[in-house]
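Working notes, structure below.
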Amino acid sequence: MVKVREDVSIGFVVGN
Amino acid sequence: VMYTLTSLSPAESAFDMDRSSGALVVARQLDRETRPEHRLEVRALDTSTSSNPQSSAVLVRVDITDVNDNAPRWERDPVVIAVPEDAAVGAAVGNFSATDADAGPNGELRYFLDSVEPENGRSKFAVDRLTGSLTLLEGVDFESVARYTLVVSVKDQAVNE
């Protein structure tokens with residue numbers, strides 16, 4: 001499971 | 001190894017994957033209020049051999065965490081409340097209700113009575129912080145004052161309210 005904030009910009013790397 | 005990404009949620013994927021590094025990248029604006037989680041399948045495929053390629057997949061759930069991007073909203077503005085002049089002191093005479101689409105403290109609301117006009121009415125009304133309920137603290141008299149104007153505000157409990 002990965003968590004990411006809803007306000008990150010396009011292009012943000014969530015995980016590898 | 002080469003990577004491919006498939007969205008298991010019905011809508012178009014908000015994510016992209018770098019085929020060679022496997023980096024999962026945000027491709028569209030996210031919105032927790034519209035879609036709080038995304039389910040993806042990432043498949044790794046060996047490409048060194050063309051004769052018998054092997055692959056395996058992993059399921060990925062992406063949880064979108066909330067930021068305070070919605071202000072509370074009033075259902076009606078202005079709110080008109082009729083209070084009979086013989087209403088009992090202590091009676092609940094109205095209820096203020098707002099909504100906030102955010103989660104947790106970002107959507108938790110507190111109500112405040114900011115002002116009352118005429119000013120001598122300030123001691124007559126109280127608004128419950130948690131419920132928005134309007135209570136009469138003193139008797140009202142139609143012949144003295146037929147209308148009070150109250151300004152009520154609502155705030156969410158986010159750090160950046």
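Every chain is numbered from 1, with letters handed out A, B, ... down the list of sequences.
- Linking ILVMFWY side-chain heavy atoms closer than 4.5 Å, directly or via other members, places Val93(B) and Val79(B) in a single hydrophobic cluster.
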Could you check Val14(A) against Val25(B) for side-chain contact (heavy atoms from CB on, under 4.5 Å), going step by step and ending with a plain yes or no?
CA-CA 6 Å; Val14(A) 174; Val25(B) 178; over 6 Å; no
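- Note: the hydrophobic cluster containing Trp74(B) also contains Leu150(B) (ILVMFWY, side chain heavy atoms under 4.5 Å, direct or indirect links).
- With sequence neighbours excluded, the residues satisfying side chain to side chain donor-acceptor pair (under 3.5 Å) with Asn52(B) are Gln54(B).
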Between chain B and chain A, going by a 3.5 Å limit, which atoms form donor-acceptor pairs, if any?
from, atom 1, to, atom 2, distance (Å)
Ser21(B), O, Asn16(A), ND2, 3.3
Leu24(B), N, Gly15(A), O, 2.7
Leu24(B), O, Val14(A), N, 2.7
Val26(B), N, Phe12(A), O, 2.8
Val26(B), O, Gly11(A), N, 2.7
Gln29(B), NE2, Val8(A), O, 3.4
Arg32(B), N, Glu6(A), OE1, 2.9
Arg61(B), O, Val2(A), N, 2.8
Asp63(B), N, Val2(A), O, 2.7
Asp63(B), O, Val4(A), N, 2.9
Thr65(B), N, Val4(A), O, 2.8
Thr65(B), O, Glu6(A), N, 3.0
Thr65(B), OG1, Val4(A), O, 3.4
Val67(B), N, Glu6(A), OE2, 2.9

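- Under a hydrophobic-cluster definition in which Ile, Leu, Val, Met, Phe, Trp and Tyr are linked whenever side-chain heavy atoms come within less than 4.5 Å, directly or via other members, Val116(B) and Ile81(B) are assigned to the same cluster.
- Among the residues in residues 129-145 of chain B, none has a non-hydrogen atom closer than 4.5 angstrom to a non-hydrogen atom of chain A.
- Using a 4.5 Å cut-off between side-chain heavy atoms of Ile, Leu, Val, Met, Phe, Trp and Tyr, with links allowed through other members, Leu40(B) and Val58(B) fall into the same hydrophobic cluster.
- Interface remark: of the candidates Val13(A), Val2(A), Val8(A), Val2(A) forms the most heavy-atom pairs closer than 4.5 Å to chain B.
- The parts of Ala23(B) that come within reach of chain A are both its backbone and its side chain, each placing non-hydrogen atoms under 4.5 angstrom from that chain.
- Under the 4.5 Å side-chain heavy-atom criterion for Ile, Leu, Val, Met, Phe, Trp and Tyr, Phe125(B) and Phe112(B) are members of distinct hydrophobic clusters.
- Legend: salt bridge (Lys or Arg N to Asp or Glu O under 4.0 Å) pairs involving residues 110-122 of chain B, not counting sequence neighbours, sorted by first then second residue: Glu108(B)-Arg110(B).
- When heavy atoms are compared at a cutoff of 4.5 Å, Val67(B) approaches chain A by way of both its backbone and its side chain.
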